[in-house]
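Below is one structure, written out as C-alpha cells; comments come after it.
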Amino acid sequence: MKVRGYSLSLHIGSLFLIITSLVGIVLIYISYQHAQELLDETAKQLSYENSRKIETEYKQNIGPVLTTLDFLAYTTFTDNPEYPMDDKRLLASTYSVFERNEHLVALYFADQAGNFTIIRPLIEEKDKERFKAPEAAILYINKTQTNGKNEIYYLDEGFRQIDYREDNSNQFDPRQRPWYILASDDGKIRLTEPYFFYFLKTHGITLSRKTPDRRHVIGADFTLQSLSEQIKQIGFSEKTQLILFDQQYNVLGQHNSPVSTQSPAPQNRARLQQSIFSPIMNRMSTQIIYEKVTESQEEWSVTLTPVMLTPHVTLLLAEATPKTDLLAPLLSLRDKQLTVTLILLAGGFILAFLIARHLTKPLTALVTLTSNITQFKFKQSRYPRSAIKEISNLSRSLQLMENTLNDILKLLKETAGNHDVDMLAKTITHQSYLVTKAETVIFYAFSAENQTFSKLASHAIIPFKIDINALLKDTPWVKSQLQRGDTVHISRTDNIAKKHMENLFNSDIYLFPLMDHRHQLTGILNLGYEREITREQADKHAFLGELLSFAQIAKENIDHIQQQKHMFHSLVESVATAIDTKSPYSNGNCQRIPSLVKWLTEAVDHDERYYPYFKMDELQWEALHLAAWLHDCGKITTPEYLINKATKLETVYDRIHEIRMRFEVLKTQAVADFWQGVAEGEDKQKLQAVLDKTHQTLDEEFSFVAHCNIGSHTFRADEQQRLRKIAQRTWIRTLDDQAGVSWLEKKRAGEPLDLPVTEKLLDDKPSHQVTWNEDIQSPESAGTEDLLYNRGELHNLSISSGTLSDEERAIINNYINKTQNMLKQLSYPEHMKHVPDIAGNHRERIDGQGYPRALKAEELSIQDRVMAVADIFEALTSGDRPYKKAKNLAESIQIMTNMAITGHLDPRLYLLFLEKDIYQLYADVFLDIRQCAPIDKETHIKQVKQYLKTLV
C-alpha cells in the first residue's frame, strides 16, 4: 500500500500551529478569569479613590474658611457695637476672603443675648436681586436683636454705607440654631450636618466656634456646590451614575442619576427605591458597601462609600458603573492578546514552514547553485545551511568556490576599469584587505627617475614604519627574490627583522612583487598580519598573486595612456609657448591664461550664490585646461608684424623712413633751386628767405606726418584735411620702382611709367593693394570683400584710432576663426568635443555683439564666459606693447567694470572675480609691483550689483 507523503515543512508548520494555538487559548482564558476576579476589587478601589478626591476637594476649599474663623475669633470686633461699620480695613479683608472663596457665602457672629450680625457678599447680580441691594453695593450686613429690631446696611466698593433699612420684624434667635449649639467651650471649630440654605437654594454646611472669652459664637456658611461639581469629574465612564448623600440620605449632588438636588427628599427616595441604588439605600457602614445589580440585562457594580469631611461629619458617595466599562481595559487587553496571538501564529507558521522547507531542500539548492556557477551567475546571499554535517561542508566548499570566482572577476573588472594609477593602487589595497583581512596593506610603486619605491596607497590598521627602500638596501636577497617574481615572507623572529624591531608591529610580513612584461620589478604589495595567519588566509595568497599579475597589466596600460596624455599636453603647451615666443611682446600670454582660468573656474565651482548648480568634474577640467592653452592657437597664422604693429605705416619695417627720405629729397631740391637761382643772378637774400621758409614748412609737415604715424594719436577733421593737402606735394622719381622686386609686386604695380615721373609725396598706389586669391580666401568676418591688405600711405596714416587698418584688423580678428577651424580638425574624445567652442568663444559678448559668431548669452557656457574675463584681464595688464603701455591694476579693473555693466562681460562672473580677489591673486603671481595700484573693490562690486538689479 502506497503511503501518501507530505512535506516536512507542512508537518513542522502544522505542529507549531497546534501547540501555539493551545498555549494561546489557555493564556487568554486564564487572563479573562483573572480579570473577573479583579472586578470587585477594582470597583471598591475606584470608589475609595473617588471618596478621597471629594475629601481632598473639600479640604482645599474649607481650609481658608477655617483660617478666617480663627482669625476673627481672636479679634475684638465682636465687642464693638458699631462693628463692622467703623473698621474698613477689616471689611476689606473680609470681602477679600469672599472673593477668593466662592463657596463661602456668609460670615456671622452671635452673643449670649441673642444679638446677631451677618455679612454676605454681593458679587453677582442675582445676589443683589435676592437681597434687594443697590447696584453699587458689594456687601450686605444684617444686624438683629431678640427684641425684634432688624437693621440692614449696604456698602459700596469703598466700604461706605450707601443704603440703610430698619424694621422690627426680626424673629430669628441664633441661640437656637445647630451651629450655635454645636460650638463648644474648647474653641475648636465644629461642622453642622449638611442642610438646605433657604436664601441660596442650595445645600451647604455651617462652621462655627466660640471666641476665647466664650461670650460669642462665630459662624460661616459654606456651600457644597464644589463637591457636587467634583463628582461630575470622577465618573469612570460616560454611563457612571454618582450621588452624594448626607447621613439622612438627602441628595447633596448627583451626576447621571435619576434624582435631583432640587427635588423634594421624599420624591428622591421613591426614585432611588426603583433604581439600581436600591440595594444600598438606608445602609450605614464605615467600610465600602459593594453590590452587583442587573438592570435591563446589563450588570452594574454599585458601591456606597463614606466620605469623611471631619471626624464629626460624614457624607455618603453612591456610585454605579456598568460592568463592561470596568472591564473595558481588560477586555481590550484580551482582544490585543488574541490579535497578537493570531499574528504570531500566522507568522510563526510561515516561519516554521520556511525553516522546514529550508532544512528539507538544501541539496536542491546546492544543485541550483552549482548550475548558476557554471553559468557565471553568482548569488552569494543564497547559500543553503543545514544541520547535516556533510551537506554543510559541501555548501561551504561551493560557497568558497563561488566567492573566489566572483571576487576574481569583480577585481579584474575594477582593475581594468581604472584609468589612474593612484586609483588602481587604492583598489588593489582595498581588495587585498577584503580578500586576506590583513591588518596592514600598503602598495609601493617604483620610480624610474630616482630609482626608489614610493607609497601610493595604504589600508593599514597597524602602521608599517619601516622604510621599504632601506629594507631592500640592507637585505639584497629580499630585492633579488622579489625581482625573480617570488613572494617574500619575513617573520618577526627572523634576523633581518631584529634591526627594525622598534618599528615593526606585525608578526608576519608578506611582500608580493608586481612584474611588467619585461619582467622588471615595478611595484610591491606589502601584507602585514598582527598574528600568525590562518589556513584560509594563506589560501588567499595564491589568488592574490593572480590578481596582482593582472593588476600589473592594467598598470602598464594606465602608464601608457598617461604617458600619451602627458605627451599630448606637453605638445599643446609647446605650441602655445611657440605662439607666445613668436612675438617678444606677447611672451607668457598662453601660460598666464590657464592659471587665471583655473582660479576663476574654481571660484565658480565652489560658489553657491550665483552659480549653485555649476560643478566641474575631472573630465571637464581636462577639457577646460586644454582650451585655455589653445585659445590663441590661431595666431600662428597671423603675420607677426601685424600682431606687433606699432605705427600706422609699419609692415615688415616702418615706411615712415621712405617718407622721410622724400622730404629730404624735397629739401635737397629746394637747395638746388636756391643755387640755380643764385647762378642765374637772382637776389640771393630773397632766394635764401624762400629756401629757409621752404625748409621750415617741410620740417613742420614731416613732423605732422610723423605724429600721425603714432597709434595713440586720434585724428580730428582739420588734421585729415591738412594730411591730404600735404599728400598733394610732388617729388620727381628718376629710378625704376619695379627694378629688383618680385614678379608678384610687379604684377600689382601694373605697367611701368616713363622716367622721370612726378609722384605725390603721400600716395595710395595700386601696388599697395593686395587682393585675395584662390589660395587665400576672404573670411566671413574680414569686413572687406576685395583686399587682403591696403598698404596705401595716405590710407594708413588716415586711420582714426590705433595702428591697424580695417583690412589688418579683420586679419587680426580672424585668428578666432582660425583657432576654431584648427581645433575642429582634431579628433577628440567625447568629453573634449567642446574644446573648439571654449577656446574660440573668448571674444564673444554677453549682449550678442561679440565675434566671430555674435553668440547670445544663453548660447555661451560658463567656461566660455570665464575665458572671456580671463583673456581681457590678461590683455589689459600684460606688459608693454609697441602700440600701448601696460595698464596698472586700478585702470584695468575700472575698464572691466565698465565692460561688465555694458553687456561685454558676464556681471555675475565678474562679481566673483572681485569678491574672491582673483585679480589680486593674479597680480601677486604675474604682475610687476609697479602695476599693483590699489583699488576700491567695494565700489566696483556695488556698481555691478546695481546694474544687476536693473536686469531683474
Side-chain angles (χ1 to χ4, degrees), residues 593 596-597 600-601 603-604 607 609-614 624 627-628 631-632 634-635 714 779-784 800-802 804 806 809-821 823 834-878 884 887 890-916 918-919 922 935 937 939-952:
I593 289 293
L596 185 53
V597 167
L600 185 52
T601 307
V604 179
D607 176 64
R609 180 178 181 184
Y610 304 115
Y611 304 96
Y613 304 109
F614 178 80
L624 181 62
H631 76 286
D632 275 350
K635 286 184 178 180
T714 302
E780 296 179 0
S781 62
T784 57
S800 61
S801 179
L804 298 176
D806 292 340
R809 192 172 300 278
I811 292 174
I812 291 289
N813 292 342
N814 190 44
Y815 87 89
I816 296 291
N817 286 322
K818 293 293 185 182
T819 295
Q820 291 184 335
N821 291 337
L823 294 180
H834 295 294
V835 167
D837 288 333
I838 298 175
N841 289 341
H842 64 273
R843 292 290 186 175
E844 299 289 349
R845 295 170 47 136
I846 296 298
D847 57 8
Q849 298 181 20
Y851 66 88
R853 294 183 289 174
L855 298 178
K856 297 180 180 178
E858 57 270 18
E859 298 176 282
L860 296 173
S861 67
I862 301 299
Q863 292 90 332
D864 297 341
R865 304 178 188 196
V866 169
M867 290 289 296
V869 172
D871 185 73
I872 291 175
F873 183 71
E874 190 282 332
L876 289 173
T877 58
S878 60
K884 78 171 186 71
K887 297 186 181 299
E891 295 170 334
S892 301
I893 292 298
Q894 182 60 57
I895 293 173
M896 292 187 69
T897 299
N898 294 335
M899 297 174 79
I901 64 176
T902 56
H904 196 127
L905 300 175
D906 184 343
R908 292 178 178 84
L909 192 62
Y910 181 60
L911 273 180
L912 278 180
F913 180 78
L914 294 175
E915 292 175 349
K916 302 301 182 182
I918 306 299
Y919 66 92
Y922 180 88
I935 67 167
K937 180 177 74 172
T939 300
H940 292 282
I941 291 176
K942 182 178 180 181
Q943 191 174 356
V944 178
K945 285 185 176 180
Q946 289 177 344
Y947 169 72
L948 284 173
K949 291 179 181 179
T950 64
L951 301 180
V952 178

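Just so you know, residue 1 is the first one in the sequence shown, and it goes up from there.
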Task: Derivation and outcome, side-chain contact (heavy atoms from CB on, under 4.5 Å), residues Tyr919 and Met896 - done: CA-CA 11 Å; Tyr919 66 92; Met896 292 187 69; over 6 Å; no
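- Residue Gln894 holds its CD atom at 5.0 Å from CG of Asn898, rounded to the nearest 0.5 Å.
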Open item on the list: Run the side-chain contact (heavy atoms from CB on, under 4.5 Å) test on Tyr910 and Met899 for me, step by step, so that the C-alpha distance in whole Å, both residues' side-chain angles and the decisive distance to 0.1 Å come before the verdict.
Closed with: CA-CA 10 Å; Tyr910 181 60; Met899 297 174 79; over 6 Å; no
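- The neighbour count for Lys937 NZ, taken as heavy atoms of other residues, nucleotides or ligands under 6.0 Å away, is above 12.
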TODO: Would you sort out whether Arg865 and Val869 count as a side-chain contact (heavy atoms from CB on, under 4.5 Å), showing the intermediate values?
DONE: CA-CA 6 Å; Arg865 304 178 188 196; Val869 172; 5.7 Å; no
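- Summarising the geometry of Ser892 relative to Thr877, their closest heavy-atom pair is OG-CG2, 3.2 Å, with the distance given to 0.1 Å.
- Taking NZ from Lys856 and CG from Asp847, the interatomic distance works out to 11.5 Å, rounded to the nearest 0.5 Å.
- Under the 30°/60° scheme for interplanar angles, the aromatic rings of Phe873 and Phe913 are found to stand perpendicular.
- Taking CD1 of Ile846 as the reference point, atom CG of Leu905 lies at 7.5 Å (rounded to 0.5 Å).
- Nearest approach of Pro907 to Tyr947, heavy atoms of both residues: CG-CE2, 4.0 Å.
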TODO: Check the pair Ile941, Leu911 against side-chain contact (heavy atoms from CB on, under 4.5 Å), reporting the backbone distance first and the verdict last.
DONE: CA-CA 6 Å; Ile941 291 176; Leu911 273 180; 3.8 Å; yes
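- Without hydrogens or angle criteria, Tyr922 side chain to Ala870 main chain gives no donor-acceptor distance under 3.5 Å.
- The distance from the CG atom of Leu624 to the CD atom of Gln863 is 6.0 Å, given to the nearest 0.5 Å.
- Every residue two or more places apart in sequence or in another chain that forms a salt bridge (charged side-chain N to carboxylate O under 4.0 Å, His left out) with Glu915 is listed here: Lys945.
- The residues Arg853 and Asp837 are annotated as salt-bridged, a charged nitrogen and a carboxylate oxygen being separated by less than 4.0 angstrom.
- Atom CD1 in Ile901 sits 4.0 Å away from atom CD in Gln943 (nearest 0.5 Å).
- Using a cut-off of 4.0 Å between Lys/Arg side-chain N and Asp/Glu carboxylate O, Asp607 and Arg609 are scored as not salt-bridged.
- Partners of Asp864 by salt bridge (charged side-chain N to carboxylate O under 4.0 Å, His left out), not counting sequence neighbours: none found.
- Under the 3.5 Å distance criterion, the side-chain polar atoms of Glu844 are matched with a main-chain donor or acceptor of Leu855.
- Going from atom CG of Leu914 over to atom OG1 of Thr897 covers 6.0 Å, rounded to the nearest 0.5 Å.
- In this structure, the side chains of Glu891 and Leu876 stay at 4.5 Å or more apart for every pair of heavy atoms.
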